[in-house]
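So the structure is just underneath, and the comments pick up after that.
All residue numbers in this chain count up from 1 along the given sequence.
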Amino acid sequence: MNTSIHGTADRELVLASGRAHPELAEAVAKELDIALLPVSAYDFANSETYVRFGESIRGTDIFLIQSHTQPVNQWLMEQLLMVDAAKRASANRITVVAPFFAYARQDKKSRGREPISARLVADLLKTAGADRIMSVDLHTPQIQGFFDGPVDHLWAMPVLTDYVRTRVDLDNVAVVSPDAGRIRVAEQWAAKLGGAPLAFVHKTRDVTQPNKSHANRVVGEVEGRECVLVDDLIDTGGTIAEAVKVILDAGAKSVIVAATHGVLSPPAAQRLHECGASEVVITDTLPIEPAKRFAELTVLSIAPLLARAIREVFDDGSVTSLFDGNS
């Protein structure tokens, strides 16, 4: 199978992957009907990383896919090295495809003397030589402004809503945001589910403690309804598990959790399995190892969406058109 797609004016698309999530990269390549570009990558004894492309990429439009999973710093650094190698190998245009963008939750200063880490990551990618970034469901849209160049902010919502529609009674469904800050996303979900009513969980968070929050009560009508609790990511699962219990205590008939990124740091699998949710639906923007899986978990493929977006960028088409003009 060829490792490239030829476009107009002798342009050539190639796709290369780091080692963080090879299954996703292979699935994207399959959707594009090409093979991944050969890449040599390994670690030295002192933990430094080495990368080298196995074929010439001179003049190509290269898409470098790497999801920033654990250990985040290792895989982020590997992608930076791939960008630098592509620049020095005379690639024409370098697009970083980061389905899960590292440090996205650190997008502002909550207290004095803190870094804005998401901005730093964007600066590192730009300095390394990236011309463009593509990511899925950034924690906040403002991160797009941190990068001095085009950012393709993809939504997993079409993938998730198409599935969830088959799992609920659309005449008796409510969409619930896990906090007030996600209401806008919940509104879009509600529209996709036929104008479902909205609710949100009133939550308090201690900014001095990582992964610590407390769900207080549900604001909105959920009694007797099949509820869809929507979020961008699930890390340790504490916030989501508490929210599910609060929603059920408020009289909900059932709760389905839908999120884009399954970080699922321990003890997330146990918490989500025991919280009472009938199903937890995520995409495969991050690898989900066997230890992170549980009976109620459903993992949907994000590869078709990524492949379509990559092809639109290569063909100078419209990424927005993939989302009914709303991206």
Side-chain angles (χ1 to χ4, degrees), residues 105 137 139-141 155-207 211-265 267-283 294-300 323-324 326:
R105 281 176 285 180
D137 282 348
H139 190 59
T140 53
W155 292 358
M157 190 181 299
V159 178
L160 292 165
T161 55
D162 284 352
Y163 176 81
V164 170
R165 285 176 61 90
T166 69
R167 308 294 291 173
V168 297
D169 178 2
L170 296 177
D171 294 325
N172 188 42
V173 66
V175 176
V176 185
S177 170
D179 54 51
R182 302 289 295 176
I183 283 291
R184 174 59 181 153
V185 174
E187 287 176 343
Q188 294 163 346
W189 265 85
K192 292 284 188 181
L193 296 181
L198 283 170
F200 73 91
V201 177
H202 180 264
K203 181 178 71 174
T204 53
R205 179 183 296 276
D206 182 354
V207 297
N211 302 110
K212 295 287 186 181
S213 64
H214 180 68
N216 298 314
R217 65 185 185 279
V218 180
V219 179
E221 183 56 52
V222 298
E223 186 173 359
R225 292 186 176 272
E226 299 178 11
C227 294
V228 182
L229 178 63
V230 298
D231 209 349
D232 63 323
L233 67 88
I234 305 173
D235 192 351
T236 61
T239 297
I240 292 294
E242 276 202 6
V244 170
K245 293 174 182 177
V246 167
I247 295 167
L248 291 174
D249 288 346
K253 181 179 179 181
S254 62
V255 181
I256 290 179
V257 176
T260 302
H261 308 295
V263 180
L264 302 183
S265 303
Q270 179 181 351
R271 284 174 170 171
L272 295 171
H273 173 59
E274 297 174 351
C275 72
S278 60
E279 190 171 7
V280 178
V281 186
I282 60 174
T283 73
F294 49 97
E296 296 81 7
L297 183 67
T298 298
V299 182
L300 306 178
F323 308 98
D324 301 323
N326 294 320

Seminar exercise, completed: NZ of K253 to CG of L248, rounded to nearest 0.5 Å, is 13.0 Å
Problem set entry | Note, M157 side chain near V185 side chain (heavy atom, < 4.5 Å) | yes
For this session: Would you check if I234 and L272 make a side-chain contact, meaning some heavy-atom pair closer than 4.5 Å?
Result: yes
For this session: Inspect the surroundings of NE2 in H139 and state if more than 12 heavy atoms from other residues, nucleotides or ligands are less than 6.0 Å away.
Result: yes
Exercise. With respect to T260, which candidate in L160, V281, D231, L233 satisfies the side-chain contact (heavy atoms from CB on, under 4.5 Å) definition?
Worked result: L160
Exercise. Among I282, T236, D235, whose side-chain contact (heavy atoms from CB on, under 4.5 Å) with L264 holds?
Worked result: I282
For this session: Mind listing the closest non-hydrogen atom pair of L229 and S177 along with its distance?
Result: CD1-C, 4.1 Å
Problem set entry | Shortest non-hydrogen contact from A258 toward W189 | CB-CH2, 3.7 Å
Seminar exercise, completed: Shortest non-hydrogen pair, A268 vs G237, comes out as CB-N, 4.1 Å
Exercise. Do the side chains of P197 and R225 get nearer than 4.5 Å, heavy atoms only?
Worked result: yes
Exercise. Is it the case that more than 12 heavy atoms not belonging to Q270 sit under 6.0 Å from its CD atom?
Worked result: no
Exercise. For F200 and V176, which heavy atoms make the closest approach, and how far apart are they?
Worked result: CA-CG1, 4.1 Å
Problem set entry | Expected output: side-chain H261 to main-chain D137 donor-acceptor under 3.5 Å | yes
For this session: Would you please test K245 and E242 for salt bridge (charged side-chain N to carboxylate O under 4.0 Å, His left out) and show each step?
Result: CA-CA 5 Å; K245 293 174 182 177; E242 276 202 6; over 6 Å; no
Problem set entry | R165 side-chain N/O to K192 backbone N/O, donor-acceptor pair under 3.5 Å | yes
For this session: Can you measure from CZ (R271) to CD1 (I240) and round to the nearest 0.5 angstrom?
Result: 12.0 Å
For this session: Flag the pair R182 / D232 as yes when at least one side-chain heavy-atom distance between them is below 4.5 Å, and no otherwise.
Result: yes
For this session: Measure across V299 and T283 and return the closest heavy-atom pair with its distance rounded to 0.1 Å.
Result: CG1-C, 4.0 Å
Seminar exercise, completed: d(L297 CG, E279 CD) to nearest 0.5 Å is 8.5 Å
Problem set entry | Short side-chain to backbone donor-acceptor contact, E226 and D169, under 3.5 Å | yes
Exercise. Nearest heavy-atom pair of A277 and V244: which atoms, and what distance?
Worked result: N-CG1, 3.7 Å
